[in-house]
Amino acid sequence: MALDERIYQQRREKLAAIEALGQPAYPYRYQPSISIPEILQQYGARPAEELERERISVVIAGRVMAIRAMGKAAFMQVQQHGRQLQIYVKKDAISDAAFERYRLTDIGDLIGVRGYLFRTRTGELSVHADDLTILTKALLPLPEKWHGLTDVELRYRQRYVDLFMNPEVREVFVKRSRVVQAFRRFLDGRGYVEVETPMLQPLYGGATARPFITHHNTLDIDLYLRIAPELYLKRLVVGGLERVYEINRNFRNEGISTQHNPEFTMLEFYQAYADYHDLMELTEQMFAFVAQEVNGTTRASFDGKDFDFADWQRLSMREAILKYWPEAAAPKPELADFADSARVGALVRRFNSAHSPHMPYDPNAPAGKTIADLFEAVAEEHLIQPTILYDFPLAISPLSKNKRGEEDQWVERFEVFIGGLEVGNAFSELNDPEEQRRRFEQQLRERERGDAEAHQMDEDYIRALSYGMPPAGGMGVGIDRTTMLLTDSRSIRDVILFPLLRPQKPATAEEADGQPE
RNA sequence: GGGCGCGUAGCUCAGACGGUAGAGCAUCUGCCUUUUAAGCAGAGGGUCCCGGGUUCGAGUCCCGGCGCGCUCACCA
């Protein structure tokens, strides 16, 4: 018999023994008088004599993480909300039945303990037990007490174990909750209305990505899991919700990496009568606010790199390319070098001749797309300090307004880079329905050219714009990546509770047969 | 998808040259009424990721596959 099966059987037998003592195997409720973190906070500094004098009674509940048994007495570590408190069980101090229940307690069990606070000889704050109840028995053994659960795959697949074995993991997800709360508070305080828009969409849009496809049986239609809520949120702006936001999941059927999970959480918000300059101001305030709310400081460190959420630089895409142009590829480009495909192509060749690895280059791609690629190759990795990177090529921005007063190949769009991660994307929203139609048509031509991620035509969206959308600025913020920055988590999987993993193989070879490989 | 690495007890890990599979924690038994990874004595626990091959003999070598991590590509 395998060990875990044997332990499982042993513990079922203990469960039966508990019932034989007259206690239900799985009690329905328990009423702690105080939480373990509260005890530590309120009494952690109280001296032994004071505790002895006041004899403070508590009722606590939690998971047993360690047992140090000494025959007729024992110490146990009980954990709740990621914090541990020691309890002391002494045969003379509790009923025989309660002592018997202690004897049936295993590491991993959830127990309730009534007792009073005291300090041991070594000064550790502990609960001197008067009574002990097993609330739920753990039928499976816990990971090793010293190293805990470290196998990354097991941690993701069995996050429930990861969470109670690794307090720092718990802390990351508590912070993630505070990140979301902070964004909400920031926007709620400025009069934004939170909404929910469709996840199941007959047309997908609002981003460049390949979608997941699903099917509705009754309507007998294929639907797409949304890649972005953008086009629905702007319909709401048309409808008069002048400040609107959504924090929800997007789904993109693309690669998985330390920065990409197929489902991820995005904040998108739109503000009528604002342009991208207004959003730049808002962005700087918002990230500083969120960092302060979550970590109590705007300073942060990610992957060994320090930066400050309150200290921003603004660079245009073209400036960033000039600024970070490698010496080896001298001379630095001039603004005029971005003017047409031929000159941009020359830049790429100069960069590639001096730099390895080479950036990919498709001479048939629009110049704007190549410029954006050039930016990624030359500058992106240098953007550690919070940076607003503004003015994007029209070719990769089908939903942004043209840059006012400039040549028509640039739009009013910016992205936010922090710690080398792209965490935000914003623009002055295109609200001219006829121009929007031309942009979609251009996208369709890109699609025919082989770009599977190009936008689809969305006639209803154009109709909405035709009723008139006020001038507006809109922005998307990656919640997962923002959480990575604020918790120094290098992989997006460390900030997503259940990241997508390949399902484990069926247990038997029989089941495996007939599964197409 | 490419490259690199990892996969041995419930967990964390050792296993030179190919020669009967190991440790610590956890579990079980005995002792132990203020311990701190409690201690002492003993016991049980294995599909060495899967499938082939080489060999008298494979955890170890070879081939194929699976899973995971890192990285490059793609993307947010």
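Just so you know, these numbers come straight off a predicted model, no measurement behind them. Chain letters run A, B, ... following the sequence lines, proteins first, then strands; residues in each count from 1.
- Between the side-chain ring of A:F264 and the base of B:rA76, a stacking contact exists by the 5.5 Å and 30° definition.
- Taking the charged nitrogens against the carboxylate oxygens, A:E246 and A:R226 do have a contact shorter than 4.0 Å, which makes a salt bridge.
- The A:E124 side chain lies nearest to B:rU35 when the options are B:rA76, B:rC28, B:rU35.
- Residue order along RNA chain B, read from the 5' end via each residue's closest nucleotide, puts A:I67 first among A:I67 and A:M266.
- Taking the centre and axis of the six-membered ring of A:Y116, the NZ or CZ atom of A:R55 falls inside the cone set by 45° and 6.0 Å.
- Protein atom CD of A:Q9 is 14 Å distant from nucleotide atom C1' of B:rU27, rounded to whole Å.
- Of the candidates A:F427, A:Y276, A:F414, A:F414 is the only one forming a side-chain contact (heavy atoms from CB on, under 4.5 Å) with A:M475.
- Residue A:K145 has no polar side-chain atom (N or O) positioned under 4.0 Å from OP1 or OP2 of B:rA37.
- Judged by distance alone, the side chains of A:Q86 and A:T120 never bring a donor and an acceptor atom under 3.5 Å apart.
- Under 3.5 Å, the side chains of A:E268 and A:Y270 contain a donor-acceptor pair of N or O atoms.
- Of the candidates B:rU35, B:rG45, B:rA26, B:rA26 carries the atom nearest the A:P141 side chain, counting heavy atoms from C-beta on.
- For the pair A:M475 CE and B:rA76 C1', the interatomic distance rounds to 12 Å; values are reported in whole Å.
- As judged by a 4.0 angstrom heavy-atom cut-off over every strand, A:L501 is placed among residues touching the sugar-phosphate backbone only.
- In the set B:rU33, B:rU71, B:rC11, B:rU71 carries the atom at the smallest distance from any side-chain atom of A:T258.
- A gap of 13 Å separates the C1' atoms of B:rG45 and B:rA21, to the nearest Å.
- Comparing B:rU33, B:rA37, B:rG45 by their nearest atom to the side chain of A:R6 picks out B:rG45.
- If you check B:rU27, B:rU33, B:rA76 against the side chain of A:R481, the one that comes closest is B:rA76.
- Separating the CD atom of A:Q259 from the C1' atom of B:rC70 is a distance of 13 Å, rounded to the nearest angstrom.
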> What's the verdict on ring pair (Phe, Tyr, Trp, His ring centres under 6.0 Å) for A:Y245 and A:F186, showing C-alpha distance, side-chain angles and the deciding distance?
Replying inline: CA-CA 11 Å; A:Y245 75 96; A:F186 183 87; over 10 Å; no
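- Spacing between atom CZ of A:R68 and atom P of B:rA38 amounts to 5 Å, rounded to whole angstrom units.
- Comparing the C1' positions of B:rC48 and B:rG22 gives a spacing of 12 Å, expressed to the nearest Å.
- Residue A:A228 is out of contact with every strand shown, counting any heavy-atom pair closer than 4.0 Å.
- Candidate nucleotides B:rA38, B:rU12, B:rA76 were compared by shortest atom distance to the side chain of A:H147, and B:rU12 ranks first.
- Across all strands shown, A:G476 has no heavy atoms under 4.0 Å from either base or sugar-phosphate atoms.
- Closest to the side chain of A:L149, from the set B:rA73, B:rU12, B:rU34, is B:rU12.
- Taking atom CZ of residue A:R252 and atom P of nucleotide B:rC74, one finds them 17 Å apart after rounding to whole Å.
- Straight-line distance between the P atoms of B:rG39 and B:rG59: roughly 35 Å, to the nearest whole Å.
- Rounding to whole angstrom units, NZ of residue A:K14 and C1' of B:rC28 are separated by 9 Å.
- Spacing between B:rC40 and B:rC25 at atom P, rounded to whole Å, works out to 9 Å.
- Of all nucleotides listed (B:rC25, B:rU34, B:rA76), B:rA76 comes nearest to the side chain of A:T208.
- Remark: the separation of the P atoms in B:rU12 and B:rC49 is 15 Å, to the nearest Å.
- Summarising the geometry, atom OG1 belonging to A:T150 is positioned 9.0 Å from atom CD belonging to A:E144; distances are rounded to the nearest 0.5 Å.
- Comparing B:rU33, B:rA76, B:rC28 by their nearest atom to the side chain of A:K90 picks out B:rU33.
- The distance between atom CD of A:E422 and atom C1' of B:rC74, rounded to the nearest whole Å, is 13 Å.
- Nearest to the side chain of A:E453, among B:rC74, B:rA26, B:rG44, sits B:rC74.
- Contact annotation: A:T150 reaches the phosphate of B:rU12 (side-chain N/O to OP1 or OP2, under 4.0 Å).
- Counting any heavy atom pair closer than 4.0 Å across all strands shown, A:D151 reaches sugar-phosphate atoms only and no base atom.
- Counting to the nearest Å, the C1' atom of B:rC40 and the CE atom of A:M70 are 14 Å from each other.
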